[in-house]
Protein chains: 2
Amino acid sequence: MSKKPITMDDVARLANVSKPTVSRALGGHPNVKPKTREKILAVAREHGYAVNRNAKKLREKYTNTIAVILDFSSHRRHRITDPFIFELLAGVSEALSIRKQDLLLSPPTLSDANSHRELVSGRVVDGFIFLGQGANDAMFNELVKKDVPIVVWGGNTQATKYCTVGSDNFLGGFLAGERFVQHSKKNILFVGNTEHIELRLRREGLEKALSTADYPYTLSELQGEDFSFSAHYEAMAQLLKNSPAPDAIFAYSDTAAMAIINALNEHGLEPIKDYMLVGYNDIAQASHFSPRLTTIRQDTFLAGALLVEKFMAVLNDNSPMSSTIPTDLIVRNT
Amino acid sequence: MSKKPITMDDVARLANVSKPTVSRALGGHPNVKPKTREKILAVAREHGYAVNRNAKKLREKYTNTIAVILDFSSHRRHRITDPFIFELLAGVSEALSIRKQDLLLSPPTLSDANSHRELVSGRVVDGFIFLGQGANDAMFNELVKKDVPIVVWGGNTQATKYCTVGSDNFLGGFLAGERFVQHSKKNILFVGNTEHIELRLRREGLEKALSTADYPYTLSELQGEDFSFSAHYEAMAQLLKNSPAPDAIFAYSDTAAMAIINALNEHGLEPIKDYMLVGYNDIAQASHFSPRLTTIRQDTFLAGALLVEKFMAVLNDNSPMSSTIPTDLIVRNT
DNA sequence: TAAAACAATGAAATCGATTGCAAAAATCAC
DNA sequence: GTGATTTTTGCAATCGATTTCATTGTTTTA
């Protein structure tokens, strides 16, 4: 650490060639005599030479680094509770490493478009992958207007100006609703904040399916104060005190579903027998909770791959279409 | 994105000063006339100027970027299942952002010391924070020998040559054992791989506490094939088939604990009545599982802060002592 | 008011790579 | 063996900042 690392000039001297030749040899340029290349590689390896990436990035157009932003803002002052976002992160990380791109995990920069743009004009990163759309629609549109390359995990509508990758939210909602109708559920509860595009779409899908029912039903809505377990637990407990218990629940995440089940549980209600519940995401914990959660699955590795693929397309100025990943209902014990 | 961003030279010209003056004004150097500084800042802001960080890093000694390595290697080909590691990541992320350090989330580089060192000599990062010690003790020692700044989340012994931050594993084990003895548990099961330093220490603590019992007891050990839910579920189910059920269990993580409880559950055993269980980490889910888990708490935000603090000390060549964070038993319904 | 002291600014070198262009070396054709 | 091609190689410019040192401008002091 203390002593200065060896430079390309040093390698050139040691291999009796010039700096540009070393650069070409290491960069895999075709016009280098095989024998020369070998000698250079040998010297480089022997002395543990590594290209100074800052010098390289200064000269080149791309930084090959992509900032990934978790939607911490929804979790401020709370412990991060939803493992789904991290499964997604793992998927993106994997996909980026395959493409030899570095992943800068960005702090929650207070949804400020300018500070994001500075990372790009400061050549820190080539652009952003946002894992979570939250209520930042306006900021995303602003970033696009400023020519900042972004891709967002979330839902999209006609009004969406940026590229998104997400589950087929409408279908997800529809599948849940279909299940409820099949079992003649009448008192349906939608858990989630429909200001989020994704959740609005899910609710629309849910409504579409419910509308096929040939019997009367009610549909109500519940939101937690924030995204924490306890907020949902309490909101549900409160609801059970004041209103008749729903016989079908569609929760926007498995994590929320768990909190809600706890509340139902303490209220003496049993899954299937008293209520039916569909969660969302199929996180690893979903099939190991008791009861095992019925939920909508999203393949996070595929999601990661797709997010990265779209991002690269954005970077190369082909405006890629937004797209969705397969979205399936996984029936378990709720 | 397409058009070239404005440079410091441009700002200098626009503000009618020279480049060095701009550099000093932006860098907060004292020897700049307030009026000049203001004008420069105004021009910079107006044109959305951002310092090219690669040029800056090329010139300066530090990159102000730290690589954080998740112990993906234990999860290869499996979905990431333990939220604890991510709570830890959130803690580190928070601490780094406070110090204005960038976080490079590194891909699982196959426990190869050289590839890690290249990131440092290539001036990509200043060093590493490893979240998870796994069986990489040898590699960590090698990195230290190569003067690569590292800090590791994990346990340490006399033989440990690198700086660690972790829970007080011996104490954690001791607290669990103490509880078991208080309730006169006789057939104790330790779940975890004692090749990991942390888990070895926990087991030692457990043994120490058990040795105070004034009655005979047995202590056995169980490991899953890997870190997944199902591996632990199956290992436990298998054990229950072949041996008498333990009346006390100490699991190395809450996640493993949940899988094990599921197996016990399906075997008709009930917590407290039939067995006592202590998990580890107190992840957000622990208090919302049913039954609510008794576990050993670790404060991940504090952990993050400490990891970063130690890292900075390592970077500045003061060899900081390894240290532990407060470690408490949280009693719930197991 | 001139000399000394200090504050503010600028010229030029530097960090360590990549790349366009020109020169040198190697290969080919006859 | 000579001239025409084609490969390889090297020179020098460039990317965009920071920093040392010298210089100019401004105060202070006697």
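Quick note on labels: first sequence line is chain A, next is B, and so on, each numbered from 1.
Judged by distance alone with a 3.5 Å cut-off, a donor-acceptor contact links the side chain of K19(B) to the base of dA17(D).
Distance from the side chain of P20(A) is smallest for dG10(D) among the nucleotides dA17(C), dT9(C), dG10(D). Proximity note for S18(B) (side chain, C-beta onward) versus dG10(D), dC15(C), dG10(C): the nearest is dG10(C). Side-chain proximity of K56(B) to the nucleotides dA17(D), dT19(C), dG16(C) is greatest for dA17(D). If you check dA17(C), dC11(D), dA17(D) against the side chain of M8(A), the one that comes closest is dA17(C). Closest approach to the N31(A) side chain among dA17(C), dT9(C), dT8(D) is made by dT8(D) (side chain taken as heavy atoms from C-beta onward). Of the candidates dA12(D), dA17(C), dA8(C), the closest approach to any side-chain atom of N52(A) belongs to dA17(C). Counting only heavy atoms from C-beta on, S23(B) has its side chain closest to dT19(D) among dG16(C), dT9(C), dT19(D).
Distance, E60(A) CD to dC15(D) C1': 11 Å, rounded to whole Å. At whole-Å resolution of the value, NE2 in H29(B) and P in dA17(D) are 18 Å apart. As rounded to whole Å, 8 Å separates atom C1' of dG16(D) from atom CG of D9(B). Atom C1' of nucleotide dT19(D) and atom CG of L26(B) are separated by 16 Å, given to the nearest angstrom. Atom CG of D10(B) and atom P of dC15(D) are 11 Å apart (whole Å). In this entry the distance linking CG of N54(B) with P of dT14(C) reads 22 Å, nearest Å. Per the geometry, NZ belonging to K39(B) stands 15 Å off P belonging to dA8(C), to the nearest Å. A straight line from NZ of K57(B) to C1' of dA17(D) spans 13 Å, rounded to a whole angstrom.
Between Y49(A) and dA17(C) there is a side-chain polar atom (N or O) within less than 4.0 angstrom of OP1 or OP2. Contact annotation: T36(A) side-chain N/O to dT9(D) OP1/OP2 distance is under 4.0 Å. Between T21(B) and dG10(C), a side-chain N or O to OP1/OP2 separation shorter than 4.0 Å is present.
At least one side-chain heavy atom of L307(B) sits under 4.5 Å from a side-chain heavy atom of L131(B). Side-chain atoms of E309(A) and V165(A), non-hydrogen and from C-beta on, never get closer than 4.5 Å to each other.
Between H116(B) and F140(B), the distance from one ring center to the other does not fall under 6.0 angstrom.
For the 3.5 Å distance criterion, the side chains of Y162(A) and D137(A) qualify, holding a donor opposite an acceptor. Side chains of K146(B) and N114(B): a donor-acceptor N/O pair is present below 3.5 angstrom, by distance only.
From D102(A), atom CG reaches atom CG of L96(A) across 9.0 Å, with rounding to the nearest 0.5 Å.
Position along DNA chain C of the nearest nucleotide to K33(A) versus I6(A) favours I6(A) as the more 5'-ward residue.
Nucleic acid contact for R24(B): base, since at least one base atom lies under 4.0 Å from a heavy atom of the residue.
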